[in-house]
Amino acid sequence: MNRLTLAGLLGSTALAQQVFLPAQGPTDRPQCEASQAPEPTYSFTPFSYTLTTTQRTATSVTPSAATTYACPPEVLATLIPSQSYTTWGKWDPNATETASDTDNPYGNAAWTALWEYANPPNFTETGVYSTTVEPTPIPSEELVLPPRDYFGPNDCYNFPEGFEFGVSSSASQVEGATAEEGKSPSLMDILVQDDRAKSYVTNENYYLYKQDIERVAAMGVKYFSFSIAWTRILPFALPETPVNQEGIDHYNDLIDFIVSKGMVPEVTLLHFDTPLQFYGDNLTEAQRAPEIGYVNGAYQNETFPDAFVNYAKIVMTHYADRVATWFTFNEPLLYCDNGQSVYNVIKAHSQVYHFYKEELNGQGKISMKFNNNFGVPRDPTSQADVEAADHFNSFQLGPFCNPIYLGIDYPESYKSTIQDYVPLTAEDLEYMNGTADFLGIDPYTATVIAPPEAGNAQSIMDCAANASSTYRPYCVNQTTTEVNGWNIGYRSQTYVYITPTYLRSYLNYLWNTWRHPVVLTEFGFPVFGEDDKEVTDQLFDTPRSLYYLSFMSEVLNAIWEDGVHVSGAFAWSYMDNWEFGDYTAHFGIQTVNRTSQERRYKKSFFDLVDFMKARGVE
Ligand SMILES: *[C@@H]1O[C@H](CO)[C@@H](O)[C@H](O)[C@H]1NC(C)=O
Ligand SMILES: *[C@@H]1O[C@H](CO)[C@@H](O)[C@H](O)[C@H]1NC(C)=O
Ligand SMILES: *[C@@H]1O[C@H](CO)[C@@H](O)[C@H](O)[C@H]1NC(C)=O
Ligand SMILES: *[C@@H]1O[C@H](CO)[C@@H](O)[C@H](O)[C@H]1NC(C)=O
Ligand SMILES: *[C@@H]1O[C@H](CO)[C@@H](O)[C@H](O)[C@H]1NC(C)=O
Ligand SMILES: *[C@@H]1O[C@H](CO)[C@@H](O)[C@H](O)[C@H]1NC(C)=O
Ligand SMILES: *[C@@H]1O[C@H](CO)[C@@H](O)[C@H](O)[C@H]1NC(C)=O
Ligand SMILES: *[C@@H]1O[C@H](CO)[C@@H](O)[C@H](O)[C@H]1NC(C)=O
């Protein structure tokens, strides 16, 4: 991306947004001038209890005929080499008997060896369930709307027709049953080596998925986004290894149940849970700090792209008739090790896109879910701060979005920092250009950006050229306070702050830079200290309602006032879940009792749904 063009774009969007106006005195109320009576009039009347409450209940999704997005699985199966299907069962580290099929490279002994080699720390399966639970209807008392917050949106905009409103989740964060029904270990099973919470049980959604979907359907939410665990489909990860029949059956049932409720399934193929095979004979590599992201997701492994494409083809040929939207990778930057990782991701993604559109003839959509907490210049009047914010945002999105949406090279911010980046040939760019139908973004919050040395734009480039700089890889000073000394917004349990006006600015940035419709593929707010509260207080989660309603109000402003095409929004998540070693960061719009696995609706779930439905969302 050309710096001048981008600065120009930012300049024009900044006009409506991030400007600090020096001002004095209280806030003007221009709307009130006509209604100012000079003095109140006092009077007596007989007192009565006039306050009344309206009792309304949520309306469930209206069942409708399922849409078909591709030929049936029997037909699609002919597009890929014939696969062998088998089953393995459950890993029990205490088992006294050992499998005897040691001469079968993919037998029970080999499968057990995968778990023994992974050696997940403190492995216990203390879940409540061991088989799929049949759903029960949600009692109407659970669906009564809570009291409204006093302050709230008063706008008159509606969402455009076809706007996709849904909820999202990922396999490792909700499924549990991690060593059951043939699943092999993934990065998520060994990610947490210290005494923090592990991924083994989480929400037991693997067995409770029907009830979980039933609860979302009863609230009237139509779009349901989840991820498939690669290691449930292909325990040995690589092409020409057997497919796990139980994994295939599970996701078939899950997708069918979503469709039977009148809902629409959206699938992510890889949400951080890389099969361990790609770490070869050194699993401690999975703990090593990568050059680019937070975790070494092993995408750089030379066998990774072909194996990913093979996995994607197997999944798509089974489910593409019913799945409306596919995401190849979740937040790829965060699990990229180096320049090769980035290249492998965009190459594998575009191969999957071409397969889906041209060979499978899929009529659904494909994209990725990108991360980047929008970097805003600490002082919008400082050119150095604007350049730092531009560097930060383009570094995180440009390596993927430039080739995929525009057919152009990686941004300078990335090339100047990551010396071993894999150059893109003209052929690469032609092949990758246009391989996503929309831009999926997880815009949780905004963050404040300045150069490493205050006011010195050159310090950004000095860092980019300095392999040992502590500011790498973004080469900026990232903080949470604005130039006026205040936090950027109301703070959550984690890095998320409530920053709705910056969301509007961000949507302008994304749409005007990469020129594709934007979908909020995840956004959510872990209320500060929620885990310490009584359940009744967790349920009355006003700060989360404030987050969701203000974010969605600004989405409407972006659509109607700025001409930005936003085509969907997915709340993360439909229940509290495993936040990579932590259960105290409650990102959910339902609570989960970690002993009984009971779920309960939070107020924000009702408020968000009511906001959306009142504004025309199906
Ligand atoms: C294995 O046995 C130990 C000791 O009895 C027990 O604490 C642990 O939960 C068992 N592990 C599994 C996975 O059942
Ligand atoms: C394993 O469990 C024990 C007992 O709960 C705990 O003290 C220890 O920290 C755990 N270790 C790891 C690596 O999780
Ligand atoms: C890459 O993955 C393959 C499995 O496909 C593995 O055999 C190899 O050791 C891995 N390479 C490295 C460097 O870990
Ligand atoms: C395994 O990887 C770790 C982390 O990168 C490294 O420190 C260690 O030397 C490696 N071990 C072997 C045997 O290569
Ligand atoms: C990328 O594809 C679009 C749509 O086909 C086209 O307009 C654009 O020129 C292409 N970009 C490049 C750099 O060729
Ligand atoms: C590179 O960064 C390191 C760590 O911040 C610093 O000590 C060193 O002086 C820098 N080198 C150059 C050439 O700026
Ligand atoms: C980063 O910016 C903040 C806010 O201006 C400042 O307080 C802090 O000192 C800066 N950090 C460094 C290491 O310069
Ligand atoms: C969670 O469930 C357990 C088991 O049913 C129950 O004893 C406990 O009271 C529940 N906790 C809360 C906070 O409701």
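Using the six-membered ring where Trp is involved, Tyr223 and Phe570 have ring planes that are perpendicular, over 60° apart on the 30 and 60° scheme. Between Tyr574 and Phe224, the angle of the ring planes lies from 30° to 60°, which puts this pair in the tilted group. Using bins of under 30°, 30° to 60° and over 60° for the plane-to-plane angle, the ring pair Tyr299/Phe304 lands in the tilted bin. Using a 30° and 60° split on the angle between ring planes, Phe123 and Trp115 fall in the tilted class, from 30° to 60°.
With a 6.0 Å cutoff to the six-membered ring centre and a 45° limit on the axis angle, Arg196 does not count as a cation-pi contact of Phe580. The cationic group of Arg215 lies under 6.0 Å from the six-membered ring centre of Tyr601 and within 45° of the ring axis, placing it in a cation-pi geometry. Cation-pi geometry between Arg504 and Tyr502 is not met: the NZ or CZ atom fails to fall both under 6.0 Å from the ring centre and inside 45° of the normal.
Here the side chains of Asn372 and Tyr506 are in contact, with some heavy-atom distance below 4.5 Å. Two residues are said to be in side-chain contact when any heavy atoms from C-beta on lie closer than 4.5 Å; Val174 and Trp578 fail this criterion. Residues Glu175 and Arg232 have side chains in contact (heavy-atom distance under 4.5 Å, counting atoms from C-beta outward). By the 4.5 Å heavy-atom criterion applied to side chains, Met575 and Phe587 are not counted as neighbours.
Side-chain N or O atoms of Arg491 include none that pairs as donor or acceptor with a backbone N or O of Phe528 at under 3.5 Å. Judged by distance alone, the side chain of Asn203 and the main-chain N or O of Asp576 form a donor-acceptor pair under 3.5 Å. A donor-acceptor pair under 3.5 Å is formed between the side chain of Tyr251 and the backbone N or O of Ala229.
Atom CZ of Arg288 sits in a crowded spot, with more than 12 heavy atoms from other residues, nucleotides or ligands closer than 6.0 Å. For Arg615, the CZ atom counts as densely surrounded, since its 6.0 Å shell holds more than 12 non-hydrogen atoms of other residues, nucleotides or ligands. Within a 6.0 Å sphere centred on OH of Tyr294, other residues, nucleotides and ligands contribute 12 heavy atoms or fewer. Around CD of Glu618, the count of heavy atoms belonging to other residues, nucleotides or ligands within 6.0 Å does not exceed 12. Taking a 6.0 Å sphere around OH of Tyr490, one finds it holds 12 or fewer heavy atoms contributed by other residues, nucleotides or ligands.
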Checklist line | Derivation and outcome, salt bridge (charged side-chain N to carboxylate O under 4.0 Å, His left out), residues Lys261 and Glu214 | finding: CA-CA 8 Å; Lys261 291 280 141 189; Glu214 186 86 37; 3.1 Å; yes
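If you check the side chains of Thr284 and Gln287, you find no donor sitting under 3.5 Å from an acceptor. Side chain to side chain, Asp607 and Ser545 meet the donor-acceptor criterion of an N or O pair below 3.5 Å. If you check the side chains of Thr521 and Asp442, you find a donor sitting under 3.5 Å from an acceptor.
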